[in-house]
Every structure is written in structure tokens, then in C-alpha cells.
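Everything on this sheet refers to the single structure shown next.
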Amino acid sequence: MTEPRFSSPSEELVYRAAGLNRVYRSGSRQVRALADASLTLRRGQRLGIVGESGSGKSTLIRILAGLDRPTSGQVWFEDREISRLRERDLGFLRASVQMVFQDPRSSLNPRMRVSQIITEPLRSSLVRRQLPAGVDHRARLAEVMADVDLPLEAAERFPHEFSGGQRQRIAIARALAPKPDVLIADEPVSALDVSIQAQIINLLEDLQKEFGLTYLFISHDLSVVEHISDTVGVMYLGDMVEYGSKKDIFAKPMHPYTQALFSAIPMPDPTVKMNRIILEGSIPSPANPPSGCKFHTRCRECMEICKTEVPKRYDAGNDHFVVCHLYGK
Ligand code: SF4
């Protein structure tokens with residue numbers, strides 16, 4: 001499923017990634033955390049990536065954020081190929097791409113006041129070079145505190161003095177401070193109480209509209225993905241097995257793995273019968289993946305060919321693709 005190598009940049013696209021592989025060493029064994037992943041992300045697009053733990057979602061976003069390097073493959077951010085740049089040349093990425101992590105208790109330094117936490121990215125020498133000269137840190141602090149609906153007086157308090165939802169607002173404010181183009185969120189609401197998850201999702205949605213941000217976020221909760229994304233990527237054991245618009249994928253999931261994930265979404269109407277597809281067993285180890293289609297050990301549609309031959313990518317049209325032997329024969 002490797003796409004042709006890119007030769008010229010496109011202004012509209014923020015990210016282009018092709019043929020991304022990431023292999024780690026575990027003792028004498030090699031663990032392939034990411035296999036031949038490709039994607040594009042346009043300015044203002046909201047891509048949600050779903051998949052079980054161990055599917056390679058976190059590895060993918062770490063590579064896109066410049067926090068990890070692919071073993072092979074290419075990643076372009078706007079007109080620069082970031083997969084080949086040295087750390088000291090990634091300053092533009094540190095300013096343009098910010099991350100929000102799952103648990104604000106561990107992502108916020110408990111010894112720093114909120115004002116220090118939020119303005120810290122502005123002090124980073126890598127980020128500073130990308131910002132207009134003379135950025136007033138106090139003014140920017142006031143702006144982002146207002147953006148996330150926190151009073152400015154709260155800026156002199158410490159993270160432990162806030163609730164979980166407020167701490168995630170602080171983490172979002174920190175991410176917004178350098179005026180990024182892209183926000184990457186790694187399970188941004190899964191550590192929060194259900195009662196406040198909706199508030200944070202609505203906040204992220206409002207901020208995206210207000211600032212025209214490009215979103216890339218991962219979640220195991222499909223109702224979150226449905227709410228916030230316009231494009232969905234489904235990952236399984238390091239592979240992007242289905243990718244397309246939210247409308248197409250939610251209306252007609254094609255890959256048996258996507259169908260199983262989506263069959264578990266609760267129905268708002270209790271009178272509607274759910275046809276839940278139960279996945280047998282857990283995701284196999286990336287250190288010893290199954291042959292052929294990696295999903296064949298759990299797939300209810302498995303055929304003989306699936307056990308030996310790796311399926312090819314099938315283009316279902318409208319930028320929707322699926323990697324499965326059921327299609328394109
Ligand atoms: Fe199932 Fe075969 Fe498709 Fe894999 S290739 S998802 S095993 S039908």
C-alpha cells in the first residue's frame with residue numbers, strides 16, 4: 001500500500017506521510033510498531049485515528065509530531081521533509097504543532113504555576129525563533145486563559161488546585177500559546193469523568209472553528225471520533241486498514257475490523273437492536289504478527305488466502321480506502 005514518493009510540495013496539505021515504518025528492537029527480536037502507514041492532512045482537517053491499544057496510533061502521532069523517527073518512509077510538514085531533519089532544525093515544527101496528552105495530572109508540572117506552564121513553550125529557544133519578535137507573554141497568557149474559559153486569577157495557582165477538566169483546559173491553553181497550526185491530541189478526554197468529557201470535546205470543537213486549527217487526535221472512543229472528526233483512520237497492528245471521510249466510514253464501514261469496532265457503538269434508541277460483532281481474543285503481539293492479513297486470527301470473514309497473502313489497498317472512491325481481500329477481486 002506504499003504510495004509513490006512525493007516529489008513536490010502542495011500548499012493545501014499540512015502533512016503528507018507515505019510508507020511509514022517504525023521498527024524497535026526488543027532483545028534479539030524486532031517489533032514493527034508501524035507498517036507502511038500513509039496519510040495526508042489538509043489545512044483545517046480533523047483526522048481521528050482509532051484502534052485498540054498496540055495498533056500503532058501513538059507511534060504514528062509521535063512521528064508526525066517529530067518526537068520519533070520512522071525507520072523508513074517519508075513525512076512532509078508543509079514544504080519540508082521532517083523525517084530527514086535533525087532535532088535542531090525542527091524548531092518550526094515545535095511552534096506549529098502542539099500536543100495535548102491523555103492525563104493532565106502527568107503532563108503538567110506540579111511544581112510550576114499555571115502561568116509558568118502556559119508561557120513555558122514561548123520561552124523555548126526552538127519555539128521563540130518561530131514567533132514574532134516582542135510577543136508579550138502576559139498578554140498571550142490572558143488570551144489563552146480566556147480561550148479555554150479559565151479566569152486569569154487562576155494563573156497563579158498550581159495544577160493540583162484544579163479539577164481534572166480544568167487541568168485539561170490548562171493543557172489545551174499551553175498547547176495554544178505558541179499559536180500552532182496543528183493540534184495533536186492523544187486520547188484527550190479518556191482520563192476525565194464522563195460528565196466533563198463533553199465540555200472538553202465542545203471546547204476543542206469551538207477552538208478548531210475559531211482558529212481554523214488542523215486536528216489529529218487518537219481515541220478508542222468512537223462517539224468522540226464521530227463528534228469531532230471529519231476524517232477517520234482505523235489502525236490494526238501497525239497498519240492503517242481503513243481510511244476515509246467520517247460520513248462514508250460511519251455510514252458503511254468496509255473492513256471487518258472497522259465493522260466490529262463500529263458495531264459496539266451504543267445506540268441512543270434502546271428499542272433499536274444492536275448487532276454487535278464480538279472480536280475473539282486480543283490483539284496479537286507486534287513482535288510476532290500473524291502471516292498474511294494480520295487480522296485473520298480474529299476475522300469472522302477469514303478466507304484461506306488471508307492466512308498467507310498480505311491484502312492490497314483497495315480504493316473505494318471519494319478518498320476512502322480499505323486493505324482487505326474481500327474487495328477488488
Ligand atoms: Fe478478514 Fe481476510 Fe479481510 Fe483480513 S483480508 S480482514 S482476514 S477478510
Side-chain angles (χ1 to χ4, degrees), residues 1-4 17-23 29-40 47-61 72-73 218-223 225-226 229 231-265 274-329:
M1 73 192 230
T2 306
E3 290 183 352
L20 290 182
N21 288 284
R22 183 65 175 98
V23 178
R29 290 200 298 184
Q30 290 196 330
V31 178
R32 187 176 293 273
L34 197 61
D36 209 11
S38 300
L39 60 82
T40 56
L47 170 61
I49 297 178
V50 296
E52 292 163 285
S53 134
S55 62
K57 309 184 296 288
S58 298
T59 304
L60 177 62
I61 62 168
S72 62
I218 61 179
S219 178
H220 66 274
D221 186 339
L222 285 165
S223 49
V225 171
E226 183 176 19
S229 69
T231 312
V232 178
V234 182
M235 295 194 67
Y236 186 79
L237 215 52
D239 294 332
M240 187 78 79
V241 295
E242 187 162 2
Y243 183 90
S245 71
K246 173 183 77 175
K247 196 163 152 273
D248 286 349
I249 291 197
F250 273 76
K252 189 176 175 243
M254 295 176 74
H255 195 282
Y257 178 59
T258 317
Q259 291 166 356
L261 288 182
F262 281 46
S263 75
I265 301 177
M274 286 178 67
N275 289 317
R276 181 144 187 207
I277 303 167
I278 306 290
L279 282 175
E280 300 292 336
S282 52
I283 190 165
S285 164
N288 187 23
S291 58
C293 169
K294 291 180 191 168
F295 185 58
H296 86 252
T297 53
R298 303 170 76 194
C299 180
R300 63 179 188 159
E301 312 263 7
C302 180
M303 304 169 282
E304 274 312 304
I305 187 176
C306 306
K307 297 175 187 170
T308 53
E309 271 190 40
V310 177
K312 291 194 170 58
R313 169 177 157 150
Y314 171 73
D315 187 345
N318 197 27
D319 288 334
H320 185 174
F321 75 76
V322 61
V323 183
C324 173
H325 285 303
L326 290 173
Y327 305 96
K329 291 285 175 196

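Counting starts at 1 for both ligands and their atoms, in listed order. Keep in mind that the numbers below use all heavy atoms, side chains included, and drop hydrogens, waters and symmetry copies.
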message: Can you confirm whether or not the ring centre of His255 sits under 6.0 Å from the ring centre of Phe295?
response: yes
- request: Measure the acute angle between the ring planes of Phe250 and Phe262, then classify it against the limits of 30° and 60° as parallel, tilted or perpendicular.
  value: tilted
message: I'd like to know whether CG of Asp319 has more than 12 heavy-atom contacts from other residues, nucleotides or ligands below 6.0 angstrom.
response: no
- request: Just jot down the side-chain hydrogen bond (donor to acceptor under 3.5 Å, both in side chains) partners of His320, sequence neighbours excluded, or say none.
  value: Glu242
- request: Give every protein N, O or S atom lying under 2.8 Å from atom 1 (Fe) of ligand 1, naming each by residue and atom.
  value: Cys299 SG
- prompt: Residues two or more places apart in sequence or in another chain: which of them pass salt bridge (charged side-chain N to carboxylate O under 4.0 Å, His left out) with Arg22?
  reply: Asp68
- request: Under the ring-ring contact (aromatic ring centres under 6.0 Å, His included) rule, collect the residues that match up with Tyr243, sequence neighbours excluded.
  value: Phe321
